[in-house]
Protein chains: 2
Amino acid sequence: MSLRYAVLGLLARRPSTGYELTQTFDRSLRTSWHARHSQIYPELAKLEDADLVEVVGHGARRSKTYAITDAGRAELRQWLVEAEPDRSQRSESGLRLFLTPLLDPADRQATYQRDLVHVDQELASLQEVRAEVRAAPEPEAFAPQVELGIRINTVLRDWLREQLQASAGGPGHD
Amino acid sequence: MSLRYAVLGLLARRPSTGYELTQTFDRSLRTSWHARHSQIYPELAKLEDADLVEVVGHGARRSKTYAITDAGRAELRQWLVEAEPDRSQRSESGLRLFLTPLLDPADRQATYQRDLVHVDQELASLQEVRAEVRAAPEPEAFAPQVELGIRINTVLRDWLREQLQASAGGPGHD
DNA sequence: AATCGACCTGTCAATACATACATGTTCAGG
DNA sequence: CCTGAACATGTATGTATTGACAGGTCGATT
């Protein structure tokens, strides 16, 4: 049911078209709940059927702008506050990190290096977002979430650097 | 395809029965790649068909012990080193954290509090694992991974504490 | 000897999700 | 006027995953 609440949550921030939602899933939600447009459009239709969202406008290229309804807000709040969270996760990157010790030192170093490049990019993009948020006239409610993303990626970056340094001396360094 | 490599990876660490794999998925892989036994048993059968794993023993209660084959090891290495990682993730907890700013301060505090309890438990259990790893006679290849888990959960714990303190003064505290 | 709980392996039906297919629209540049 | 790229929305087919069902096994306790 997470997809449903992800969509509801994004529409609670601002009314959007399916296309805009798809972009937000790609940009902001890819690290927490990934979804493709082929899932988003049918989900919007289901949510509309259930009166949790409604079409509030038609734009160019047949686009429809959806907004969350009061019922939708209530449903979202209920899920966030009252439903027991499912703490399980699916992260291919996490799985790879978990299994990396199985590789021999050269392969291991190569994969850590690849991850480090990615984390650096991630950090750069999050720092840009933070700068934008700080430059905004009004305080942004999502600023702490951006900060958390930066902190987690920083920990990851430092850990990857340590692993690379530790094996840099060679497997039988002593 | 991640499930396949998760199973292969666990069998690369040591031969196991389906039941043992299920337990490991629950204990260690729940935060990176979650799977139920109803997926694991059929996957083992498929892997055996493909000669990537083999049955190396029969135990009590009809249990079969599987081990990874040389072909399986090659397949696993190839995936870890050469396949382009899919960086997208699915984490209900992450989604909840992302959406929490939508809640009013009282609800928000309640959910952060709930998360804090969980993170504390997670940390305690990871610190136990670390202690075991340190007490082991031989150096444990997976020790850095445990350390990373501790660091990430520590960052999360500190961040949650900050959020709780920030809103403790009340929404219009100044 | 009966019973209970943990052990252990499977299957099935329904839902979630990915990939590919399919179609039409607006705008900018040549 | 033509063309290509980005915009925008959908559907179809196959695979992945869940939750429920199902049944057999072993050991300990009574």
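Side chains included, hydrogens not; waters and symmetry mates left out as well; all remaining heavy atoms used. In what follows, every chain begins at residue 1, and chains take the letters A, B, ... in the order their sequences are listed.
- To the nearest 0.5 Å, atom CD of residue A/Gln109 and atom CG of residue A/Leu116 are 11.0 Å apart.
- Both tests hold for A/Arg96 against B/Trp79: distance to the six-membered ring centre under 6.0 Å, angle to the ring axis within 45°.
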### Task
Take A/Leu156 and A/Glu122 through the test side chain to side chain contact (heavy atoms under 4.5 Å, CB included) and record every step on the way to the result.
CA-CA 11 Å; A/Leu156 233 188; A/Glu122 200 72 7; over 6 Å; no
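- For the pair A/Leu3 CG and D/dA16 C1', the interatomic distance rounds to 16 Å; values are reported in whole Å.
- Electrostatic pairing of A/Glu162 and B/Arg151 counts as a salt bridge here, judged by a charged N lying under 4.0 Å from a carboxylate O.
- Here the NZ-CG distance, from B/Lys46 to B/Leu3, works out to 8.0 Å after rounding to the nearest 0.5 Å.
- Distance, A/Gln39 CD to D/dT17 C1': 12 Å, rounded to whole Å.
- Distances were taken from every side-chain heavy atom of B/Ser38 (C-beta onward) to each of D/dG10, D/dA20, D/dC26; the shortest belongs to D/dA20.
- Within the 4.0 Å cut-off from OP1 or OP2 of D/dA8, at least one side-chain nitrogen or oxygen of A/Arg61 is found.
- To the nearest angstrom, P of D/dT15 lies 13 Å from CD of B/Glu43.
- Put simply, CD on B/Glu140 and CZ on B/Arg134 are 13.0 Å apart, with the number rounded to the nearest 0.5 Å.
- Mapped onto DNA chain C by nearest heavy atom, A/Met1 and A/Arg62 fall at different nucleotides, with A/Met1 at the one closer to the 5' end.
- Side-chain atoms of B/Ser2 do not come within 3.5 Å of backbone N or O of A/Glu92 as any donor-acceptor pair.
- Along DNA chain C, the nucleotide nearest A/Arg36 and the nucleotide nearest A/Gly59 are compared for position; the residue whose nucleotide lies closer to the 5' end is A/Arg36.
- Contacts between residues 6-34 of chain B and DNA chain C, defined by a heavy-atom separation below 4.0 Å, involve B/Thr17, B/Gly18, B/Tyr19, listed by number.
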### Message
Determine whether B/Trp159 and A/Gln145 satisfy the following criterion, side chain to side chain contact (heavy atoms under 4.5 Å, CB included), listing intermediate values before the conclusion.
### Response
CA-CA 9 Å; B/Trp159 182 88; A/Gln145 270 66 14; 3.6 Å; yes
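- If you walk DNA chain C from 5' to 3' and mark each nucleotide with an atom closer than 4.0 Å to a heavy atom of chain B, the marks span C/dC7 to C/dA18.
- Across all strands, B/Arg4 comes closer than 4.0 Å to no nucleic acid atom at all (heavy-atom distances).
- Taking 4.0 angstrom as the limit, B/Arg90 places none of its side-chain polar atoms (N or O) nearer than this to OP1 or OP2 of D/dA16.
- A/Asp86 places its CG atom 12 Å from the C1' atom of D/dT17, with the value rounded to the nearest Å.
- The CG atom of B/Leu11 sits 10.0 Å away from atom CD of B/Glu20, with the distance rounded to the nearest 0.5 Å.
- Going from atom CG of A/Leu47 over to atom P of D/dT9 covers 15 Å, rounded to whole Å.
- For CZ of B/Arg14, the number of neighbouring non-hydrogen atoms (other residues, nucleotides, ligands) closer than 6.0 Å is 12 at most.
- From one end of the helix from C/dA1-D/dT30 to C/dG30-D/dC1 to the other, with five pairs defining each end axis, the axis direction shifts by 10° (rounded to 10°).
- One atom, OH of B/Tyr41, and another, C1' of D/dA22, lie 14 Å apart when rounded to the nearest Å.
- For the atom pair OG1 of A/Thr22 and CD of A/Gln39, the computed distance is 10.5 Å after rounding to the nearest 0.5 Å.
- Atoms CG and CZ, on A/Leu148 and A/Phe142 in that order, are 13.5 Å from each other to the nearest 0.5 Å.
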